[in-house]
Amino acid sequence: MKVPSPGESITEVEIAEWLVEDGDYVEKDQAIAEVDSDKATLELPAEQSGIITLKAEEGDAVAVGAVVCLIDTSAAKPEGGQAVEEKKEEAPKEVKKAEVAAPVKESYATGSASPAAKKILNEKGVDAASVKGSGKDGRITKEDAVNAVPSMGTPSGGSRGESRSKLSMLRRKVAERLVSVKNETAMLTTFNEVDMGPIFALRKQYKEQFKEKHGVGLGFMSFFTLAVTRALEMYPSVNSMIDGKEMLSFDFCDISIAVSGPKGLMVPVIRNAENLTFRGVEAEVKRLAIRAREGEITVDEMTGGTFTITNGGVFGSMLSTPIINPPQSAILGMHNIVERPVVKDGAVVIAPIMYLALSYDHRIIDGKESVGFLVAIKEAIENPEEILMNSNVKKALEL
């Protein structure tokens with residue numbers, strides 16, 4: 001079997017994990033390995049049934065088209081479904097007696113420090129009982145005291161182990177991209193707050209009807225996605241990117257949605273979000289999230305976005321400065337919703353408030369446009385019935 005191409009521009013992958021062992025019998029289309037590219041983690045299915053021989057180790061980087069395993073299709077399926085190798089009984093090995101070093105002769109001098117050594121140990125704060133003497137009969141010499149290492153803090157008796165593991169190709173590529181964004185863009189972040197009360201009221205009134213009719217929940221993401229597409233049409237520079245010495249602008253809105261997958265953060269794309277309804281956005285978000293969680297998302301489904309929305313609020317984040325998803329020029333960060341005291345009509349009231357953050361590339365987006373863009377989102381979220389639903393809630397929700 002050769003490594004298939006997981007997507008355009010990808011020339012090599014890394015064997016993240018073999019899901020079978022050398023000599024196993026595999027069925028056609030059975031997942032035999034997980035491979036990492038610089039954009040996604042994908043499963044490698046068996047092309048035929050037979051006995052498998054592995055030709056690459058976990059962690060190996062292999063070129064697209066390279067042979068990673070052999071499958072003997074002429075091998076019969078063993079009983080129980082798995083090839084079992086006969087294990088020969090090994091004769092018990094002769095146990096050799098451990099060589100024991102001659103004990104150090106102990107005397108009144110064992111463990112005691114010379115006057116010079118004692119002074120050094122006191123200055124270091126080292127207990128003489130913790131130092132092994134190299135002098136005659138175990139006496140602690142001046143050299144022993146000089147080489148003694150003072151204890152860094154009080155020993156707790158707890159584990160102090162550490163482990164080291166290789167970063168996956170996906171994680172290494174993400175790290176490179178994040179560093180390049182910080183180094184190659186003039187990234188700034190602007191903030192605002194939004195009252196989620198109007199959306200809460202709409203969801204409370206219509207969420208049961210919406211779910212019963214469409215089979216998906218009425219979440220926050222559809223409101224924010226439609227608010228973003230409206231704002232992108234108002235401020236086209238935010239829906240643009242730098243390509244060499246040119247500015248590339250789009251007349252469509254492909255919205256990347258950051259979701260948590262088994263291998264980390266993934267960013268599938270909702271294509272032409274400007275043409276979708278509330279039902280369409282919610283259905284697409286659900287479909288992509290499920291595919292990401294189950295490891296079925298493809299590279300093509302995660303490329304080509306023009307703007308990104310990320311929601312750190314689901315993990316409890318109050319405020320953050322999201323990093324731009326290159327080559328895009330801006331990203332919207334949503335956060336948790338907390339009841340806060342706010343002033344309305346001259347009175348202090350309690351309202352569910354979310355902080356919003358827009359990180360943008362100042363090389364292509366001016367401060368006036370970035371602030372205006374975020375204010376446009378705030379206006380739409382705080383007045384969704386009029387701005388996002390054209391004053392007809394049932395029609396907008398297709399109820």
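Numbering of residues begins at 1 and proceeds along the displayed sequence.
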Salt bridge (charged side-chain N to carboxylate O under 4.0 Å, His left out): which pairs involve residues 213-232, sequence neighbours left out?
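Passing the test, one end in residues 213-232: no pairs.
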Enumerate the salt bridge (charged side-chain N to carboxylate O under 4.0 Å, His left out) contacts for residues 348-366, please, sequence neighbours excluded, ordered by first and then second residue.
Asp361-Arg363
Between [X] and [Y], a side-chain donor and acceptor under 3.5 Å:
X	Y	value
Asp144	Thr141	yes
Glu143	Ser134	no
Thr321	Thr189	no
Gln328	Thr306	no

Decide side-chain contact (heavy atoms from CB on, under 4.5 Å) for Cys253 and Asn239; before the verdict, give the C-alpha distance in whole Å, the side-chain angles of both, and the deciding distance to 0.1 Å.
CA-CA 7 Å; Cys253 301; Asn239 201 37; 4.2 Å; yes
Could you give the distance from [atom1] ([X]) to [atom2] ([Y]), rounded to the nearest 0.5 Å?
X	Y	atom1	atom2	result
Ile257	Leu288	CD1	CG	8.5 Å
Arg340	Ile350	CZ	CD1	11.0 Å
Asn336	Met354	CG	CE	8.0 Å
Leu332	Leu358	CG	CG	6.5 Å
Ile353	Ile337	CD1	CD1	10.0 Å
Leu188	Ser359	CG	OG	8.5 Å

Donor-acceptor pair, side chain of [X] and main chain of [Y], under 3.5 angstrom:
X	Y	result
Glu301	Thr298	yes
Asn311	Gly313	yes
Gln30	Glu27	yes
Arg271	Asp254	no
Asn272	Asn275	no

For [X], give me all partners under ring pair (Phe, Tyr, Trp, His ring centres under 6.0 Å), at least two apart in sequence or on another chain.
X	value
Phe220	Phe200
Phe224	none
Phe250	Phe252

Should [X] and [Y] be regarded as members of a common hydrophobic cluster, given that ILVMFWY residues are connected when their side-chain heavy atoms come within less than 4.5 Å of each other, either directly or indirectly?
X	Y	result
Met196	Val342	no
Leu374	Val228	yes
Phe191	Val338	no

Enumerate donor-acceptor pairs with a distance under 3.5 Å from any side-chain N or O in residues 67-76 to protein atoms, sequence neighbours excluded.
{"from": "Asp72", "atom 1": "OD1", "to": "Ser74", "atom 2": "N", "distance (Å)": "3.1"}
{"from": "Asp72", "atom 1": "OD1", "to": "Ser74", "atom 2": "OG", "distance (Å)": "2.6"}

Shortest non-hydrogen separation from [X] to [Y] and the atoms involved:
X	Y	result
Ser240	Ser329	O-OG, 2.7 Å
Pro341	Val348	CB-CG1, 3.9 Å
Ala292	Val259	CB-CG2, 3.7 Å
Gly367	Tyr360	CA-OH, 3.9 Å

I need the full list of ring-ring contact (aromatic ring centres under 6.0 Å, His included) pairs touching residues 363-399, with sequence neighbours left out, sorted by first then second residue.
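Residue pairs passing ring-ring contact (aromatic ring centres under 6.0 Å, His included), neighbours aside: Phe307-Phe373.
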Quick test of your reading: applying ring-ring contact (aromatic ring centres under 6.0 Å, His included), list the pairs with at least one residue in residues 319-355, sequence neighbours left out, ordered by first then second residue.
none
Side chains of [X] and [Y]: does their closest heavy-atom pair fall under 4.5 Å?
X	Y	result
Ile290	Lys286	yes
Val269	Ile255	no
Ile365	Val238	yes
Met389	Leu397	yes
Leu356	Ile381	no
Ile323	Ile331	no

Does a sphere of radius 6.0 Å around CD in Glu296 hold more than 12 heavy atoms from other residues, nucleotides or ligands, not counting ones at 6.0 Å or beyond?
yes
Residue pairs passing the side-chain hydrogen bond (donor to acceptor under 3.5 Å, both in side chains) test with at least one member in residues 193-204, sequence neighbours excluded, are Asp195-Lys344
side-chain hydrogen bond (donor to acceptor under 3.5 Å, both in side chains) contacts touching residues 378-387 (sequence neighbours left out)
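side-chain hydrogen bond (donor to acceptor under 3.5 Å, both in side chains) check on residues 378-387 returns Lys378-Glu382, Asn383-Glu386.
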Please tabulate, one pair per line, all N/O donor-acceptor pairs under 3.5 Å involving side-chain atoms of residues 45-64, not counting sequence neighbours.
{"from": "Ser49", "atom 1": "OG", "to": "Lys28", "atom 2": "N", "distance (Å)": "2.8"}
{"from": "Glu58", "atom 1": "OE2", "to": "Trp18", "atom 2": "N", "distance (Å)": "2.9"}
{"from": "Asp60", "atom 1": "OD2", "to": "Glu57", "atom 2": "N", "distance (Å)": "2.8"}

List the residues meeting side-chain hydrogen bond (donor to acceptor under 3.5 Å, both in side chains) with Ser222, not counting sequence neighbours, and say none if there are none.
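In terms of side-chain hydrogen bond (donor to acceptor under 3.5 Å, both in side chains), with neighbours along the sequence ignored, Ser222 is linked to Glu282.
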